[in-house]
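Note that the coordinates shown come from a computational prediction; the quantities given were computed from them, not determined experimentally.
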Amino acid sequence: MNNNLIKNNPAIGQSWDEFEKEFFTPEEIAASDLRVALIGEIIKARHEKGLTQKQLEEISGVKQPVIARIEKGTNNPQISTILKLLVPLGKTLAIVPLKPAKQSL
């Protein structure tokens with residue numbers, strides 16, 4: 001979510017961060033952040049390879065409309081689908097320690 005687009009929006013308060021903290025649990029926020037990061041990495045890797053979604057479909061076996069929905073964030077894909085996309089992009093998933101939560105002052 002682009003914080004600059006919604007800063008000082010009277011509909012949600014001072015900032016997205018305030019809204020997010022009020023309406024979502026830390027676990028929901030962490031899960032959302034992880035999804036956004038994963039989607040961003042898939043898009044970045046596809047662009048770095050110079051591939052269209054259609055070309056990625058051809059080499060991954062994942063249909064282009066599914067790729068589009070994943071990249072838009074409107075689809076919650078299974079890990080097997082993510083792996084099918086990552087392998088031809090030269091990427092894989094890794095399990096690493098989480099970074100400590102941001103400390104609020």
Side-chain angles (χ1 to χ4, degrees):
M1 175 71 49
N2 186 340
N3 288 342
N4 293 328
L5 293 177
I6 54 179
K7 274 190 174 169
N8 299 321
N9 183 332
I12 63 167
Q14 282 286 56
S15 71
W16 171 253
D17 290 335
E18 289 176 13
F19 176 83
E20 188 177 51
K21 287 176 185 171
E22 184 175 341
F23 290 97
F24 299 102
T25 67
E27 293 80 14
E28 290 171 324
I29 294 168
S32 176
D33 289 348
L34 185 60
R35 277 191 300 275
V36 169
L38 180 59
I39 291 166
E41 287 299 318
I42 290 171
I43 294 168
K44 179 181 167 188
R46 183 174 63 77
H47 288 168
E48 286 174 350
K49 293 275 188 179
L51 298 172
T52 65
Q53 291 177 350
K54 188 67 177 167
Q55 290 169 323
L56 184 54
E57 170 189 25
E58 292 166 5
I59 59 176
S60 70
V62 177
K63 297 291 184 188
Q64 183 275 327
V66 174
I67 295 169
R69 288 192 298 272
I70 290 169
E71 290 187 2
K72 285 182 186 177
T74 59
N75 186 357
N76 195 9
Q78 294 184 1
I79 291 176
S80 60
T81 302
I82 293 293
L83 291 172
K84 285 179 185 177
L85 293 174
L86 290 175
V87 170
L89 295 172
K91 306 286 182 177
T92 191
L93 290 178
I95 297 178
V96 298
L98 290 173
K99 294 179 183 175
K102 293 179 186 176
Q103 300 282 331
S104 58
L105 301 175

Any side-chain heavy-atom pair of N75 and T81 under 4.5 Å: no
Flag side-chain contact, heavy atom, 4.5 Å: E71 against R46: yes
Candidate list L85, L83, I70, I39, test side chain to side chain contact (heavy atoms under 4.5 Å, CB included), partner P77, passing option: I70
Intermediate values then yes/no, side-chain contact (heavy atoms from CB on, under 4.5 Å), L86 and E41: CA-CA 9 Å; L86 290 175; E41 287 299 318; over 6 Å; no
Inter-residue atom distance D33.CG - L38.CG, 0.5 Å rounding: 12.5 Å
Over 12 foreign heavy atoms within 6.0 Å of CD, E48: yes
Cluster check I42, L93: I/L/V/M/F/W/Y, side chain < 4.5 angstrom: yes
V36 with I79, same ILVMFWY side-chain cluster at under 4.5 Å: no
K91: salt bridge (Lys or Arg N to Asp or Glu O under 4.0 Å) partners, not counting sequence neighbours: none
If you look only at distance, which donor and acceptor atoms sit under 3.5 Å apart when one is on a side chain in residues 58-68 and the other is two or more places apart or in another chain?
from	atom 1	to	atom 2	distance (Å)
S60	OG	L56	O	2.7
S60	OG	V62	N	3.1
Q64	NE2	Q53	OE1	2.6

ring-ring contact (aromatic ring centres under 6.0 Å, His included) contacts touching residues 20-41 (sequence neighbours left out): F19-F23
